[in-house]
Amino acid sequence: MDAALQAAQARLRSILETVPDAMIIIDQRGSVESLSTTAERLFGYAAGEVVGRNVKMLMPAPHREQHDGYLGRYLKTGERRIIGIGRVVVGQRKDGTTFPMHLTVGELRLDHRHYFTGFIRDLTDQQMTESRLNELQSEVTHMSRFTALGEMASTLAHEINQPLTAISNYLKGCQRLLERMEGEQALVLRTAVGKAADQALRAGHIIRRLRDFVARGESERHVESLPKLIEDASTLALIGARENGVEVSFRLDATADLVLADRIQIQQVLVNLIRNAIEVMVESPNRRELEIATVANADETIEVSVADTGAGLAPEVAAHLFQPFVTTKRRGMGLGLSICRTIVEAHGGRIWVDARPGGGTIFRFTLRAAKVEEPSLAE
Ligand code: ADP
C-alpha cells in the first residue's frame, strides 16, 4: 500500500473515531466499510460485528427486506429518494429495540464504484424527537383536523336538516289554516308564520352550503407508490410500538405498486388503522402481532389490510363502526373510522372489517390501481 493511501486511511480512521455524529460508510452492495465510534455506541455493536456485513442489519422491517432493492433501484435509475434529501427513518439496535433517527446520505464515486455515507442523528432525545415528529406529523394532523371538522359539520348538517324540514312542514300547515281565518289578528299571524317559514328555509340553505363545501373537500390525487405510502405512514404510526412489545410484519405484494390517491389522506387512513390496532393490543395480555399487507386483485383494485391480535370488536360498536361518534374509548371522539370511510369511499374504494381467525381484527380497504402508460413499441 503506498504511503499516500495509508495516510488517507489513517485520516479517515481518525475522523471516524472523533466525529460526534454517527456515520456509516457502505459500498454499492450495501456492505458496511466502516463506521464511526458514535455509530457503534448508537446501535450497540462493536465495529467488528458490523464491518463487512449488510447494513440492513441496522434496520427493522420492512426496510430490512427492501434495502437491497432500494440500492439496486438507485444504481439502475439514478432516482434519488434519500440521497441529499434526508428523512426521518427508524433504526434497530443490537438488542432489537428501535428508535427514530434522521438519516442523510451522501454519495461518493471512486473508479466506477459507488460508496454511500450515512449521517445519522438520533432522535430519541425527547425534544428532538418531538420537533422532528411534529414536522412529519403536521401534514397528517392538519389534514386530520380538517377532516374531523368536515365530518362533524356533515353529521351536524344531516341531524339539523331533519328538524328544519319538520318545522317548515308544520308552518306550511299553519299557513293553510290561517288562510281560512278572517280578521286582523289572522293577518298578523299569517305574516309572522310566513316570515318564520322563510327563516327555516334560509337555515336549510346555509346547512346545504356547508355540506356542499365539506363534500367538495380539498383532495389532490396523483399516481403514488403504495409501498412508499405504507412505509411513510408506518414510520410515523409505529413509533413506540416495539417498546410496547408489538411485533410488526409486512407482507407487500410486489405487483401492488401504483395507486391513484391523495397521499396525505391515504396516509391518514393507514395511521388511524395502525394506531387503533396498537392501542387495542397494548390493552390485551395476548401476543401482539401487527401485520400490514397488500394484495393486487384481478379487478384492478388493490386491497390493503391491517391485522391485529387484540381483543376484537366490542359488540356494542360492531354494527356502526364506521359511523361518526361511535367509540368505546373514554377519550375517543369516534371519528377516526368514519373519516377513514369518507376518504376511502371518495377514492372509489371500500372499507370493511373482519374477525381475525385465532383472535383479533382485520381492517381492509381497497384502492384503485393506477395504470402507467406502457411505452409504445412502435416508437
Ligand atoms: P376512536 O379511536 O376515537 O374511538 P375510531 O372511529 O377510530 O374512534 O374507533 C371507533 C371504535 O372502534 C373504537 O372506540 C374501538 O371500540 C373500535 N375499534 C377500532 N379499531 C379497533 C381494533 N383494531 N380492534 C378492536 N376495536 C377497534
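Atoms within each ligand, like the ligands themselves, are counted from 1 in listed order.
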Hey, does Asp27 have a side-chain heavy atom less than 4.5 Å from the side chain of His114? no
Going by distance alone, is a donor N or O of one side chain under 3.5 Å from an acceptor N or O of the other, for Thr77 and Arg73? no
Closest non-hydrogen atom pair, Ile292 against Ser234: CD1-CB, 4.4 Å
Pairs under 3.5 Å, N/O atoms on ligand 1 and on the protein: can you put them in a table with the distances?
residue  : atom   : partner : partner atom : Å
ligand 1 : 2 (O)  : Lys329  : NZ           : 2.8
ligand 1 : 3 (O)  : Met333  : N            : 3.0
ligand 1 : 3 (O)  : Gly334  : N            : 2.9
ligand 1 : 4 (O)  : Thr327  : OG1          : 2.5
ligand 1 : 6 (O)  : Gly336  : N            : 3.3
ligand 1 : 6 (O)  : Leu337  : N            : 2.8
ligand 1 : 7 (O)  : Asn276  : ND2          : 2.9
ligand 1 : 14 (O) : Thr327  : OG1          : 3.2
ligand 1 : 14 (O) : Thr328  : N            : 2.9
ligand 1 : 14 (O) : Thr328  : OG1          : 3.2
ligand 1 : 16 (O) : Thr328  : OG1          : 2.5
ligand 1 : 23 (N) : Asp308  : OD2          : 2.8

Not counting sequence neighbours, which residues clear side chain to side chain donor-acceptor pair (under 3.5 Å) with Glu291? List them please. Arg251
Give the ring-plane orientation class for Tyr70 versus His67, where under 30° counts as parallel, over 60° as perpendicular and anything between as tilted. perpendicular
Does Arg80 come within less than 4.0 Å of Glu107, counting only side-chain N to carboxylate O? yes
